[in-house]
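These notes are about the structure you will find just below.
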Amino acid sequence: MLKIKNLSFHHAKQASLLQHINLHVKQGELLTILGANGTGKSTLLNCIAGLLQPKCGEILLNNQNLAELSHKEIAKHIAYVSQQPPETYQYAVRDYVVLGRAVHLSLFDQPSEQDFALVDDALAKLGISHLSDKIYMQLSGGQKQLVNIAKILVQQPQLILFDEPTSALDYGNVFKTLTLIKELAEQGFSIIMTTHNPDHPMLLQSKLPDSLVAILTDQGKLQVGKTLDIITEKNLTALYQTDLRMVDVAELNRKICAIKSI
Ligand SMILES: Nc1ncnc2c1ncn2[C@@H]1O[C@H](COP(=O)(O)OP(=O)(O)OP(=O)(O)O)[C@@H](O)[C@H]1O
């Protein structure tokens with residue numbers, strides 16, 4: 001459903017950032033992108049969301065060039081939970097989350113009871129129904145992150161982009177969010193997420209064996225493959241310039257990533 005062909009991008013005053021990136025994400029596929037700070041993961045997601053135009057190459061969404069689609073058309077298919085959630089809303093959470101339905105409504109339509117039913121379902125699914133009437137702007141960072149995930153659930157896109165969806169979350173909410181991502185992939189959503197925690201794609205791989213991982217290198221290249229082929233001691237040690245170990249934990253029946261020592 002998403003194809004990226006030979007994409008290159010750099011911001012103003014940068015010599016280069018993303019270089020000749022190729023990627024194919026199919027329906028229901030999960031791709032996790034790892035990369036050191038500042039290598040361009042968010043920039044790549046911004047390109048895929050249509051917020052930045054590639055300097056060269058193209059992004060195809062269902063074989064249509066993204067550059068030829070309006071923002072509303074793109075938003076019908078792609079939802080984006082960015083690292084900088086909007087900070088300007090004085091709405092109650094329920095009224096904020098229903099904005100996710102906007103792409104399915106015409107200009108003067110009011111959200112219907114069915115739209116609000118989807119909102120209530122999404123809030124319940126994320127265990128945050130108690131936040132319904134709170135003012136979005138007054139929530140904590142982690143609560144905002146969960147509310148923004150609820151907003152994309154009601155948007156009902158084909159492809160969901162999650163930029164470090166668990167970065168501000170406690171362990172309980174990390175568990176809930178990764179479980180939700182697994183369920184969304186099982187339901188047929190395509191998902192691209194970024195993380196700094198290689199254990200997250202390992203955990204997801206244990207339930208989604210065909211999931212993919214990509215490493216964005218500091219040369220701006222994307223190395224893509226099956227999770228277990230990419231998450232290796234050698235690759236992670238090179239990626240993070242840190243002596244890392246993949247340790248087999250019999251009790252968990254999988255490997256986890258650990259820093260060797262400090
Ligand atoms: N709007 C912008 N204008 C100019 N430079 C930018 C802009 N946004 C990002 N950059 C620069 O582009 C590079 C990549 O930034 P980006 O946020 O994509 O990295 P990242 O891999 O997501 O980083 P992190 O893991 O730290 O979140 C950084 O050097 C950053 O300073």
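Order of listing sets the numbers, starting from 1, for every ligand and every atom in it. Atoms considered below: every heavy atom in the structure, side chains included; atoms not considered: hydrogens, waters and symmetry mates. Note that the structure is predicted; figures quoted are calculated from it, not measured.
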Mind jotting down which residue pairs meet the ring-ring contact (aromatic ring centres under 6.0 Å, His included) criterion with at least one end in residues 7-63? Sequence neighbours excluded, please. Phe9-His11

Check whether the side chains of Gln145 and Asn173 place a donor and an acceptor atom closer than 3.5 Å, and report yes or no. no

Do Ser112 and Asp115 have side-chain atoms, one donor and one acceptor, less than 3.5 Å apart? yes

If you count every heavy atom of other residues, nucleotides or ligands that lies below 6.0 Å from Lys55 atom NZ, does the total exceed 12? yes

Have Asn148 and Tyr96 got a donor and an acceptor in their side chains that come within less than 3.5 Å? yes

Report yes or no: do Thr177 and Thr166 form a side-chain donor-acceptor pair below 3.5 Å? no

Pocket residues of ligand 1, ordered first by chain and then by residue number (heavy-atom cut-off under 4.0 Å): His11, Gln14, Leu17, Ala36, Asn37, Gly38, Thr39, Gly40, Lys41, Ser42, Thr43, Gln83, Glu164, His196

